[in-house]
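A quick write-up on the structure given underneath.
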Amino acid sequence: MAPMRIIFAGTPEVAVPALNELAAHHEVAAVLTRAPAPRGRKRVLTPSPVHERAQELGLAVLTPRKLNDPAVLAQLAALEADAVAVVAYGLIVPEQALEITRFGWFNLHFSSLPQWRGAAPVQYAIAAGAQTIGTSVFRIEQGLDTGPIVSLVEHPIAPQASAGEVLAELAQSGALQLSQTLQDIAAGRAHFSPQQTDATYAPSLSTKDSQIFWDTPARKIVDAVRAYTPEPGAWSLFNGQRMKISRAVLASPHASGTGAVAAQDSPAAEASELQPGQIYVGENGYPLVGTATGAVELREVTPAGKHTMDGAAWARGLRGEDLHFEQMHSDPAARELSSPQIHKRAEQVSEQAMQRGTRL
């Protein structure tokens with residue numbers, strides 16, 4: 001079967017493996033990606049990772065600010081592509097753009113649709129305690145990730161893996177899946193299965209969503225740290241300053257330690273006795289923090305204004321007898337990614353997408 005002539009649409013690093021795979025096994029007519037954006041303290045205009053890789057491969061790169069411009073649509077149509085392959089593109093795709101190719105637009109989505117429709121499926125799945133996650137290739141239609149599924153593959157989630165680590169693995173395996181799916185479509189052997197109606201949603205996350213509340217169960221806190229790493233970054237307030245937590249594990253219920261390294265005569269305490277947010281230094285040198293159900297051990301942190309460091313290194317600098325992360329209480333619904341408020345917000349996003357086009 002002759003390779004399919006495709007347009008590739010993607011922007012971040014996670015989309016690069018798919019571009020590599022498609023360029024190796026199909027004819028890539030052009031690459032759509034977000035326009036260069038300011039990066040770093042000096043705000044230097046920087047091409048996206050997909051843009052840079054496409055240039056290395058000698059591919060034509062298109063960076064329109066929006067796709068509903070008639071001139072842009074005409075430019076895409078002139079490429080006479082069979083399909084558009086999409087991985088984390090980031091622009092709204094209007095209805096008229098979906099009709100410019102022979103087979104349509106196909107998106108690699110990092111969940112088992114209709115679970116976790118939206119921009120942050122891996123983060124939501126890990127925060128919910130999922131032990132598996134899927135990669136879905138579906139044909140794009142109006143609506144938020146609602147089109148028929150062509151291919152779905154399930155993958156295990158390693159118990160301590162962060163969202164960044166899981167996403168990197170899915171990007172590699174998903175690239176092969178996307179390429180094979182396009183071959184199946186071209187050969188006429190693909191099957192299109194409508195999505196079921198019981199959908200869950202995964203809207204974009206920000207630091208407003210990633211604060212750690214220590215009066216929640218320890219397992220939820222550990223999963224939240226995994227889910228928010230590397231972005232938007234789990235955090236808590238210590239001495240009035242925001243500290244990021246990038247790796248945490250459940251502490252043994254019988255782990256013990258003292259109030260601070262400097263206080264050698266401090267009474268020992270078991271992890272199960274710590275109050276939510278209370279910090280003790282464990283016998284192994286790592287800080288223990290109390291939660292609603294025992295304690296978590298902080299393995300890697302980023303104090304305000306400093307580089308990421310080992311949790312034990314941070315603990316060695318602690319001083320004082322009564323150490324706590326600050327407890328900031330807000331709407332309890334903000335603590336649960338699966339709360340009705342979050343679902344309502346996602347449904348509003350879906351409705352807007354149907355009205356304006358689909359953001360991919």
Any idea which heavy atoms bring [X] and [Y] closest together, and the distance?
X: A85; Y: L22; answer: CB-CD1, 3.7 Å
X: R53; Y: V16; answer: CG-CG1, 3.9 Å
X: F138; Y: L113; answer: CD2-CD1, 3.4 Å
X: W105; Y: A97; answer: NE1-O, 2.9 Å
X: L73; Y: I100; answer: O-CG2, 4.5 Å
X: L79; Y: A30; answer: CD1-CB, 3.7 Å

> Atom CG in D82, atom CG in L182: separation rounded to 0.5 Å?
Replying inline: 9.5 Å
>> Going by side-chain contact (heavy atoms from CB on, under 4.5 Å), F8 matches just one of V87, V86, L32, V84. Which one?
In response: V87
> With sequence neighbours excluded, what pairs up with F325 under the ring pair (Phe, Tyr, Trp, His ring centres under 6.0 Å) test?
Replying inline: W214, F238
>> Pairing donors with acceptors under 3.5 angstrom, does anything connect the side chains of Q195 and T146?
In response: no
> Does any donor atom in the side chain of E300 or T308 lie under 3.5 Å from an acceptor atom in the other side chain?
Replying inline: no
Check: [X] side chain, [Y] main-chain N or O, donor-acceptor pair, under 3.5 Å:
X: R34; Y: P12; result: no
X: S112; Y: Q115; result: no
X: T302; Y: H307; result: no

Does atom [atom1] of [X] have more than 12 heavy-atom neighbours from other groups under 6.0 Å away?
X: E80; atom1: CD; result: no
X: E154; atom1: CD; result: yes
X: Q131; atom1: CD; result: no

> When you look at R299 and E297, which way does the salt bridge (charged side-chain N to carboxylate O under 4.0 Å, His left out) test go after all the steps?
Replying inline: CA-CA 6 Å; R299 292 291 182 86; E297 183 176 291; 2.4 Å; yes
> With hydrophobic residues grouped by side-chain heavy-atom distances under 4.5 Å, do V50 and L57 end up in a single group?
Replying inline: yes
> Quick one: do Y280 and V249 end up in the same hydrophobic cluster if we chain Ile, Leu, Val, Met, Phe, Trp and Tyr together by side-chain heavy atoms under 4.5 Å apart?
Replying inline: no
List the atom pairs, donor and acceptor, that lie under 3.5 Å between side-chain atoms in residues 170-179 and the rest of the protein, sequence neighbours left out.
from: S173; atom 1: OG; to: E169; atom 2: O; distance (Å): 3.4
from: S173; atom 1: OG; to: L170; atom 2: O; distance (Å): 3.4
from: Q177; atom 1: OE1; to: T135; atom 2: OG1; distance (Å): 2.5
from: Q177; atom 1: NE2; to: T135; atom 2: O; distance (Å): 3.0
from: Q177; atom 1: NE2; to: S151; atom 2: O; distance (Å): 3.4
from: Q177; atom 1: NE2; to: S151; atom 2: OG; distance (Å): 3.0
from: S179; atom 1: OG; to: H26; atom 2: NE2; distance (Å): 3.3

>> Checking D223 against K220 for the salt bridge (charged side-chain N to carboxylate O under 4.0 Å, His left out) test, could you report, in this order, the C-alpha distance in whole Å, the side-chain angles of both residues, the deciding distance, and whether it holds?
In response: CA-CA 5 Å; D223 288 342; K220 283 188 173 292; over 6 Å; no
